Structures are given as C-alpha cells and as structure tokens.
Amino acid sequence: MSPPERSPSWTPSVDPTSLAHSEFLPDLGLSREEMESLQRELAAEATFADEIGFTPDDVAIDEAADLSTGLPSPSPEPTGDLDADAPVVVGIDQAFRPEHDEAVSAAVAIRNGRVIEYADAVTPLSIPYVPGLLAFREGEPMLAALEDLAATPDLLVCDGSGRIHFRQAGIATHVGVIRDLPSVGVAKSLLCGEPDEPVAERPEGWSTPVRADDSVERVGTTTGTGAATDSPRTDPPVIGHAYQSRQYPNSRRVNPLYVSPGHRVSSETTVELVAALCAGYKLPEPTRLADAHADRVKRRLDGGE
DNA sequence: GCGACAG
DNA sequence: ATCTTGTCGC
C-alpha cells in the first residue's frame, strides 16, 4: 500500500494498512482509543469539499444493468470516441464467509455506464464488527480489492458511511484518504447525526441534510471567524444527506439512503453523484454490481472446494 | 445504569 | 453482514 500522494505530511502513528494482521481490539497493537485517535487524524486529513475533475453528469448512468442473466461482461477497451478520458467510477462491496472468517471484496470499474473491469480479493478477518470501527474490519479487504484492479479510479463508491461517523471518519473516508481518491459513502441505515426533516415516505429524488448531533465530534476548520459578531450558536454542520433514491407509486416503504462525503467531495455533490449513479434501483449501479460480483465470487469459493 | 450504533 | 420461502403488490 502506497502512502497518500497528496498528503506527504500525514504520518499516522500506526500504519493503517497493516491492521488486518492484528487481532481483536484489546491486543491488536491498537487499543480502541488508538483506533479512535487514528480516525481523528484521518478526519483532519480528509477534505470535505469538491476536489474532483469531473461533474455528476460525467458519470451519470441511465441504464440499469440486467442482473437476471448474470453480470454484464467487462469491456476493458475504450469503445471509441468519447470513451477514452471519461471518469472511471469504482464501486466496492463485500460478502462474507462466516465459517472461514473471510471477507470477499469486490471492486467494479465503470466508465460511461459500462463495466470495464471486475476485481476481487479474499482477506482473513481480524476483528469483529464494532459500530464506529467498521473500517478496521473491512478497510483492508477493500484496499485489497482495489490493489487487484488495473483501472485507475476517479471516484470510489463505498458501502457504508463517510463523514456520517462519530469522528467524521467512516470507512469511505479511510479508503479515500489512504488512496487519496475522491470517495463517497453510501449507507442503508443511519449511524449517527440527525436529518433536518423526517425521512419517512418521501418521493424519489428527495433529500435532506443530516447534521451532526452530540455523538459527532467536531473537527476541521471553524466556519466562523471567531469574532464577537459571529452568531452565538450556529447550526450544527452538515455531515451528509438522506437521499430517497427509489420509491414505489403506492406502497411507499422504501427507506432512503444515507450518503456522505468520504474524501475530496462535498456533501451536496455527494448527493448529486449518487443520484447520477442510480438507474432505477435503490442502490447506485456501482454498488449493485460490486455486490453482485462479491456474491458471485463467494459462491465460486463455497462450491469450488 | 440505560441508550445506541455503518456492515 | 449472514441464516432463509414464500409472499404482497406494482
């Protein structure tokens, strides 16, 4: 794993890429407190503002992949004209093999709405799932899948939260900062924070800001000047959005997604990116395809031997 | 002591 | 996340 190119100043006390070889929380060489301070370093290193060389339109996907007949075949070679320099979006997801204590990570690279490459990796799991520390369980597997990928990502779409996190350093932030790539987090449920409005029964396309609550540590530069003229109590910072990516005409029961910046993307742009990447299903296409590929690899392993 | 929590 | 069949509704 290479260090962040754009962040030569960042020198974590412990190499986050070696965590997979550690054991359970108490004795993995990292106490829970150390993991949390590492996340504070990551949050400080992260950029929650747009630093991307493309627009949501550039990555828009208008046709959903048909997964009923298997996954679409990858076409690595540029189809022609406008293909060459189109942004590459990489969706990452995982499947698990509880009986083997292994994670199957999948990365799917998409360009112009078409799959150009599938990548995957099987990684032993070292620690259990702990709310707020998901990245220490699944981060290494995700990075392994990215290592297996030949394509160069322009955007990472991660399964889980980014800035919507107790220390504003969810797994999308971990991966984005470590690889210094724009990344967004897409979660199916809310870890922390408070939506501005109730999220139930919202129409497709609806979104509302999610602001930090008392469980979220404040980090980064202060918005105000600190002068006496500043408002005594400013609104809590927006750390992500609830986004209704899908809704049925009548029986409205689909829950919204909770999207948040991982790195080098603003919360507003994150919503626009996810909206552009959705094509009729609740999950954005990169995530859908990564999920399907992870399941495919898992089945091969379970059947293979 | 209870709550509350991505995958 | 995973263990798992059918079933209600567009």
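Predicted, not measured: the structure shown is a model, and the values here were computed from it. Order of the sequence lines sets the chain letters (A, B, ...), proteins ahead of strands, with each chain counted from 1.
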Rounded to the nearest angstrom, tell me the gap between atom [atom1] in [X] and atom [atom2] in [N].
X	N	atom1	atom2	value
A/E217	B/dC5	CD	C1'	15 Å
A/L133	C/dA1	CG	P	19 Å
A/L134	C/dA1	CG	P	11 Å
A/H165	B/dG7	NE2	C1'	12 Å
A/F136	C/dA1	CZ	C1'	19 Å
A/D214	B/dA4	CG	C1'	14 Å
A/D159	C/dT2	CG	P	10 Å
A/H100	C/dC3	NE2	P	12 Å

Assign a letter to each nucleotide of nucleotides 5-10 of chain C from its 5' end: B, base within under 4.0 Å of a protein heavy atom; S, sugar-phosphate only; -, no contact. -----S
With the side chain counted from C-beta on, respond yes when A/D159 and A/V186 share a heavy-atom pair under 4.5 Å apart, and no when they do not. no
[X] and [Y] ion-paired at < 4.0 Å:
X	Y	result
A/R264	A/D50	no
A/R179	A/E147	yes
A/R253	A/E201	no

Could you tell me whether A/A103 contacts a base, only the sugar-phosphate backbone, or nothing, with contacts defined as non-hydrogen atoms closer than 4.0 Å? nothing
Identify whether any heavy atom of A/I171 sits under 4.0 Å from a base atom; if not, whether one sits that close to sugar-phosphate; answer base, sugar-phosphate or nothing. base
N or O in side chain of A/Y258 less than 4.0 angstrom from B/dA6 OP1/OP2: no
Side chains of A/D213 and A/S215: any donor to acceptor distance under 3.5 Å? yes
With a 3.5 Å cut-off and no angle check, do the side chains of A/E140 and A/T123 form a donor-acceptor pair? no
Taking the cut-offs as 6.0 angstrom to the six-membered ring centre and 45 degrees off its axis, would you call A/R202 and A/Y243 a cation-pi pair? no
Strictly below 4.0 Å, heavy-atom distances to any atom of DNA chain B: list the hits from residues 181-190 of chain A, or just say none. A/A187, A/K188, A/S189, A/L190
A/T47, A/T269, A/V265 screened by side chain to side chain contact (heavy atoms under 4.5 Å, CB included) with A/P182, the one that passes: A/V265
Answer yes if the ring centres of A/F136 and A/H174 are under 6.0 angstrom apart, and no otherwise. yes
Ranking C/dC3, B/dG7, B/dA6 by distance to the side chain of A/D93, first place goes to B/dG7
